[in-house]
Amino acid sequence: MKIKLLPSTFDERGRSRPEQRLTCYLVDDRVALDAGSLALALTDPQRAAVRDVVVTHPHMDHVATLPIFIDDLFSQLTSPVRVHATDEVCEMLRGDLFNGTLYPRFHELENEHGRVLEFAPFETGQEFGVAHLRLTAVPVHHAVPTVGLVVSDGGATVAFSSDTSQTEEFWSALDRLPRLDALCVESSFPNSMRELARVSGHLTPETLAAELSKLSRAPAEILVVHIKPSFRETILAELEALEIANLSAMETGRVYEW
Ligand SMILES: [Zn+2]
Ligand SMILES: [Zn+2]
């Protein structure tokens with residue numbers, strides 16, 4: 001399985017900048033997990049191939065360019081873009097994003113081939129298929145209804161915490177997996193901002209370490225994401241100080257393969 005954390009911004013030579021402002025992972029050039037930078041960072045072949053987007057929660061940094069992605073493709077789509085999310089999140093996307101004010105109600109519109117956007121609700125705790133992948137969504141603890149994801153291609157398995165503060169169900173789900181090749185997990189704020197992290201539903205390096213200790217065996221690789229750009233240097237130093245083997249900040253624009 002190939003996974004890329006899409007960059008949010010580029011330098012003057014077009015290279016990915018390391019700071020992550022938006023969240024969107026591209027899996028096997030075909031499935032998007034969240035859609036923060038989806039419309040900004042795909043190559044043309046990827047744009048032509050991605051028709052499934054799994055949304056963990058409706059926060060803007062995770063859905064910002066989903067409407068633009070569909071808009072870009074509107075006349076070319078021969079099958080709809082499928083947005084996979086819980087019923088609750090689908091409802092929020094219809095009411096708060098594709099609501100005819102912020103952007104068109106794409107789920108009610110058609111091009112000459114048919115619908116351009118279809119919501120595909122999933123249940124938490126039950127495996128479901130997206131393209132060639134098997135996914136399980138597990139509720140995590142954030143400011144709005146949010147799920148973490150376990151994604152498998154039949155060989156490798158990778159888990160994504162999405163945005164979360166202290167949580168339980170996600171870690172016990174990971175403990176039950178026969179294999180876990182990598183975990184992409186958030187650490188948004190520095191340790192000094194633990195109270196803000198707690199009320200906004202995020203982790204700090206310190207609380208991340210406490211969460212990881214809930215696992216009975218460590219994932220082969222731990223990639224830290226969602227590091228707030230303004231505190232990046234401090235958070236990176238605090239992550240380093242944890243001295244956790246196989247833990248590093250996930251690089252934007254790099255293709256990881258398991
Ligand atoms: Zn969030
Ligand atoms: Zn976020």
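Each ligand, and each atom within it, is numbered from 1 in the order the structure gives.
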For residues [X] and [Y], is any side-chain donor paired with an opposing acceptor at under 3.5 Å?
| X | Y | result |
| --- | --- | --- |
| Thr86 | Glu88 | no |
| His226 | Ser188 | yes |
| Ser161 | Thr164 | no |

Connecting only ILVMFWY residues whose side-chain heavy atoms lie within less than 4.5 Å of each other, what is the rest of Leu40's hydrophobic cluster? Leu22
Note on the Zn ion (ligand 2): protein N/O/S atoms within less than 2.8 Å are Asp61 OD2, His62 NE2, Asp163 OD2, His226 NE2
Within 45° of the axis and under 6.0 Å from the centre of the six-membered ring of Phe119, does NZ or CZ of Arg94 qualify? yes
Is it true that Phe98 and Tyr103 have ring centroids separated by less than 6.0 Å? no
